[in-house]
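Before any comments, here is the structure.
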Amino acid sequence: MFDFEKSISEWRQQMLAAGIKTPVPLEELEIHLREEIEQQMQSGLDEAEAFNSAVQKIGHAYNLQMEFKKINRVATQSVRNPAIVFAFLLIGYVIFISCTVPLLPPRVASHFDINGQPNGWMSRSSAAIFQGVIGLVLSLIIVAGFYAARFASEQKINMPRRDFWFAPERRGETCAYLLRQGLWLASMEIGLQCVVWYQLVESNDMKIPHLSSFGFLAALGVFGIAMITWIFKLFRHFAKAA
């Protein structure tokens, strides 16, 4: 007599042996397998025939292993360039702040009103630490947030055509795309913080500190355009057909 649950358990062991060890893709594969078995049984096959037919349709362990390895390899390569850019910007940001701190006066004008006049002050060391932490922490939170998508259940992710993009055969590629976009967003954030720090140093280099409204607004404008482009590209990617 055919033991359905035992066969499912053996199938899971084959998947694990084939190298598909990430919990979420394996669970989703099992869901697809059970749904396929149910459809086969509704068409008139018995449990054993439905199980064998579903396994063949979804793919044997070796073929699934090769497909997952191929997808993961391509996905990893696609993340490499933005990861390198992000790492260089992160290091450059720390070096930039470290090298320009001595250019600041002991008492730094750290906040300015709409006319560019200073209305907030802090010590030079406090300004450097605050700016450094803001840039580093925000960028790392962005990257961590996008990276965490690979560990989340698809039901907890709100995006267009979620079931399609987080199907087992596309999940690795989708998570890599999200991480890639997260790295680019974090890189833009570091770039903005570099401009903010430069404006701060330049403003305090004057005899009477004054922030250039034009320069600051121009920087915000460039960042705003970059953000709109980033959001448009993200939504267009997930809204498109396969």
Side-chain angles (χ1 to χ4, degrees), residues 75-150 175-238:
T76 300
Q77 291 174 351
S78 70
V79 171
R80 186 176 302 159
N81 287 342
I84 291 173
V85 171
F86 174 69
F88 272 106
L89 284 173
L90 206 64
I91 295 170
Y93 179 66
V94 174
I95 293 174
F96 178 51
I97 290 179
S98 301
C99 293
T100 51
V101 167
L103 301 178
L104 292 171
R107 185 168 179 262
V108 178
S110 57
H111 192 272
F112 299 81
D113 62 22
I114 194 171
N115 297 315
Q117 302 301 318
N119 58 7
W121 305 80
M122 62 173 61
S123 68
R124 177 167 52 196
S125 59
S126 296
I129 293 172
F130 177 80
Q131 186 64 37
V133 169
I134 287 293
L136 294 176
V137 171
L138 281 180
S139 60
L140 292 175
I141 287 176
I142 291 170
V143 174
F146 279 85
Y147 181 75
R150 68 182 58 241
C175 291
Y177 179 83
L178 287 172
L179 178 57
R180 187 163 70 248
Q181 297 308 310
L183 286 165
W184 287 127
L185 178 60
S187 297
M188 289 191 296
E189 192 275 331
I190 292 178
L192 176 64
Q193 294 302 325
C194 284
V195 173
V196 169
W197 180 254
Y198 173 79
Q199 291 281 332
L200 185 70
V201 173
E202 186 180 55
S203 300
N204 280 272
D205 190 45
M206 303 177 182
K207 196 167 185 179
I208 300 177
H210 183 272
L211 177 68
S212 170
S213 299
F214 175 78
F216 187 71
L217 291 176
L220 287 180
V222 171
F223 180 77
I225 293 172
M227 275 296 301
I228 292 172
T229 303
W230 180 88
I231 293 170
F232 175 77
K233 183 178 180 181
L234 188 71
F235 275 89
R236 186 180 65 175
H237 175 84
F238 286 114

ask   = How far does CH2 of Trp230 sit from CZ of Phe223, to the nearest 0.5 angstrom?
value = 10.0 Å

query = So, Asp113 side chain and Asn115 main chain: donor-acceptor pair closer than 3.5 Å or not?
reply = yes

Nearest heavy-atom neighbours spanning His111 and Asn119 = ND1-OD1, 2.6 Å

key: Minimum heavy-atom distance between Phe146 and Leu185, given as atom pair plus value   = CE1-CD2, 4.1 Å

request  = Mind checking the CG-CG spacing from Leu183 to Asn81? Nearest 0.5 Å is all I need.
outcome  = 11.0 Å

query = Which pair of non-hydrogen atoms, one from Arg124 and one from Pro102, has the smallest distance, and what is that distance?
reply = NH1-O, 3.9 Å

key: Between Trp121 and Ser110: side-chain donor-acceptor atoms closer than 3.5 Å   = no

request  = Starting at CD of Gln193, measure out to CG of Leu138 and round the result to the nearest 0.5 Å.
outcome  = 6.5 Å

request  = For the pair Ser203 (side chain) and Gln199 (backbone), establish whether a donor and an acceptor sit closer than 3.5 Å, ignoring hydrogens and angles.
outcome  = yes

key: Donor-acceptor pair, side chain of Asn204 and main chain of Leu200, under 3.5 angstrom   = yes

key: Student check: side-chain heavy atoms of Val222 and Val195 closer than 4.5 Å   = no

note = Distance col, row Met227:CE vs Leu192:CG, nearest 0.5 angstrom, shows 10.5 Å

ask   = What closest approach, in Å, do Ile190 and Gly135 show between heavy atoms, and which atom pair accounts for it?
value = CG1-O, 4.4 Å

note = So CG of Leu140 and CG of Leu90: to nearest 0.5 Å the spacing works out to 5.5 Å

key: Gap between atom CD of Gln131 and atom OG1 of Thr100 - 0.5 Å precision   = 9.5 Å

key: Side-chain (His210) to main-chain (Pro118) donor-acceptor, under 3.5 angstrom   = no

message = Which heavy atom of Gly182 sits nearest to which heavy atom of Ile142, and what is that distance?
response = O-CG2, 3.5 Å

Verdict with supporting geometry, Trp197 and Val101, side chain to side chain contact (heavy atoms under 4.5 Å, CB included) = CA-CA 10 Å; Trp197 180 254; Val101 167; 4.0 Å; yes

key: Heavy-atom pair of closest approach, residues Phe86 and Ala186   = CE1-CB, 3.5 Å

request  = Kindly assign one of parallel, tilted or perpendicular to the pair His237 and Tyr177, based on the angle between their ring planes and the thresholds 30° and 60°.
outcome  = parallel

